[in-house]
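In what follows, a single structure is set out as structure tokens and then discussed.
Convention: sequence-line order gives letters A, B, ...; per-chain numbering from 1.
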Amino acid sequence: MTPFADANPTGPDPLRLTVTTWNINSVRLRIDSVLRFLDAAKPDVLCLQETKCPDDAFPLKALRGSGYENVFFAGQKGYNGVAILSRFPLLTRCVMPFCERQDARHISAVLGPEAGAAAGIALHDFYVPAGGDIPDRALNPKFAHKLDFLQELRAWGGKRVAGPAILVGDLNVAPLEHDVWSHKQLLDVVSHTPIETEALETLRGEADWIDTARLLTPEPEKIYTWWSYRSPDWQAANKGRRLDHAWVSPDLKDTVRKMEVFREARGWERPSDHAPVTLTLEL
DNA sequence: ATGGTTGTGGAACAA
């Protein structure tokens, strides 16, 4: 045998799988931004939240020819709504209800055999309730809803079927001190109150999910994925929060390569207040 | 527990 006969002893090249999560805040208004992002970043999968679009109005035609024609979506009129766009065929569409509501806040899919080494990975796309302004369950039903939703997410995590899985979405909680521009000033602000951050970290830990952003970029480095519309100069002020997340099941931990906030899109014309966040795995 | 802005839908409500 020549020295070169087995130059690649590990077999075929590994597959790089990229999955983006993006709260788009109206998929119809921003379908051109979706296409622009897909063209620029070319992820394998794009998970959207806040599509604000009934299913019969989802802009499927605009995606024709984009290379992302495998689409699962679950929408409703005016609020919420989630969607998964994929280069690979998707299997097993599932929409879980939470808090006994019809809200479209979850959708999942399994990557089909065409995804090669990524086949069989389950994708879960979540949109956790924002929770209103007052961080008090008794005074604010929206905050109560958020806490109840997180509790149900915890229960689901405990009985989730085994196997490789990726959980992404706008979880509307910035769990760690350096996930916000000022930990002290945001301790009473919904998205960073201890009851929320502890709930999210607890449910993540109990189900052994890996927080990929912090796996690769530990504290104290700041990471933000959202900047309020209400800041006159979001870029200069940079008062961001890390609300958008990508978690992987423990069997995928060693495949995590990159977690990137595409901040540029926050500066596009008529932007979403969230930036797209892309996870890269090497399988 | 302020106000600031954006989206849906065409007033109020959600974020």
Check the phosphate of [N] against [X], side-chain N and O only, distance under 4.0 Å to OP1 or OP2. Yes or no?
{"X": "Lys142(A)", "N": "dA14(B)", "result": "yes"}
{"X": "Ser26(A)", "N": "dT8(B)", "result": "yes"}
{"X": "Arg30(A)", "N": "dT6(B)", "result": "no"}

Among Val82(A), Asn25(A), Val71(A), Ile24(A), exactly one meets side chain to side chain contact (heavy atoms under 4.5 Å, CB included) together with Leu48(A). Which residue is that?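 Of all the options given, the one that passes is Ile24(A).
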Integer-rounded Å distance: [N] [atom2] and [X] [atom1]:
{"X": "Arg266(A)", "N": "dT6(B)", "atom1": "CZ", "atom2": "C1'", "value": "10 Å"}
{"X": "Arg230(A)", "N": "dA14(B)", "atom1": "CZ", "atom2": "P", "value": "13 Å"}
{"X": "Asn140(A)", "N": "dC13(B)", "atom1": "CG", "atom2": "P", "value": "14 Å"}
{"X": "Gln185(A)", "N": "dG4(B)", "atom1": "CD", "atom2": "P", "value": "19 Å"}
{"X": "Asp188(A)", "N": "dA1(B)", "atom1": "CG", "atom2": "C1'", "value": "10 Å"}
{"X": "Leu186(A)", "N": "dT2(B)", "atom1": "CG", "atom2": "C1'", "value": "15 Å"}
{"X": "Phe149(A)", "N": "dA15(B)", "atom1": "CZ", "atom2": "P", "value": "12 Å"}
{"X": "Lys52(A)", "N": "dT6(B)", "atom1": "NZ", "atom2": "P", "value": "13 Å"}

Answer whether the closest heavy-atom distance between the side chains of Arg242(A) and Asp211(A) falls below 4.5 Å.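 Contact flag for Arg242(A)/Asp211(A) side chains = yes.
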Do Val27(A) and Phe58(A) have side chains that approach each other closer than 4.5 Å (heavy atoms only, starting at C-beta)?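 Result yes, sub-4.5 Å side-chain heavy-atom pair found.
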Where do Phe149(A) and Pro129(A) come nearest, in terms of heavy atoms and distance?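 Closest approach of Phe149(A) to Pro129(A), heavy atoms only: CG-CD, 3.5 Å.
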Where the side chain of Arg28(A) is concerned, which of dG9(B), dT5(B), dC13(B) is the nearest nucleotide?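 Comparing dG9(B), dT5(B), dC13(B) against the side chain of Arg28(A), the answer is dG9(B).
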With the side chain of Asn25(A) defined as its heavy atoms from C-beta on, choose the nearest nucleotide among dG7(B), dA15(B), dG9(B).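 Given the options dG7(B), dA15(B), dG9(B), the side chain of Asn25(A) is closest to dG7(B).
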Considering every strand and a 4.0 Å limit on heavy-atom distances, what is the contact class for Arg241(A): base, sugar-phosphate, or nothing?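 Here Arg241(A) touches no strand at all.
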Considering every strand and a 4.0 Å limit on heavy-atom distances, what is the contact class for Phe143(A): base, sugar-phosphate, or nothing?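 No contact.
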Closer to the 5' end of DNA chain B via nearest nucleotide, is it Ser231(A) or Leu139(A)?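 Taking each residue's closest nucleotide, the earlier one in sequence belongs to Leu139(A).
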Return whichever of Leu29(A) or Asp273(A) has its heavy-atom-nearest nucleotide of DNA chain B closer to the 5' end.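 This one resolves to Leu29(A).
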Using atom [atom1] in both nucleotides, what's the gap between [N] and [M] to the nearest angstrom?
{"N": "dG4(B)", "M": "dG10(B)", "atom1": "C1'", "answer": "23 Å"}
{"N": "dT6(B)", "M": "dA1(B)", "atom1": "P", "answer": "25 Å"}
{"N": "dG7(B)", "M": "dA11(B)", "atom1": "C1'", "answer": "14 Å"}
{"N": "dG9(B)", "M": "dT5(B)", "atom1": "P", "answer": "22 Å"}

Report yes or no: is the cationic atom of Arg160(A) (NZ for Lys, CZ for Arg) under 6.0 Å from the centre of the six-membered ring of Trp209(A), at an angle within 45° of the ring normal?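 The answer is yes; both the distance and angle limits are met.
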Does the side chain of Ser191(A) come under 3.5 Å of the side chain of Glu196(A) through a donor N or O and an acceptor N or O?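 Glu196(A) and Ser191(A) do not have a side-chain donor-acceptor pair below 3.5 Å.
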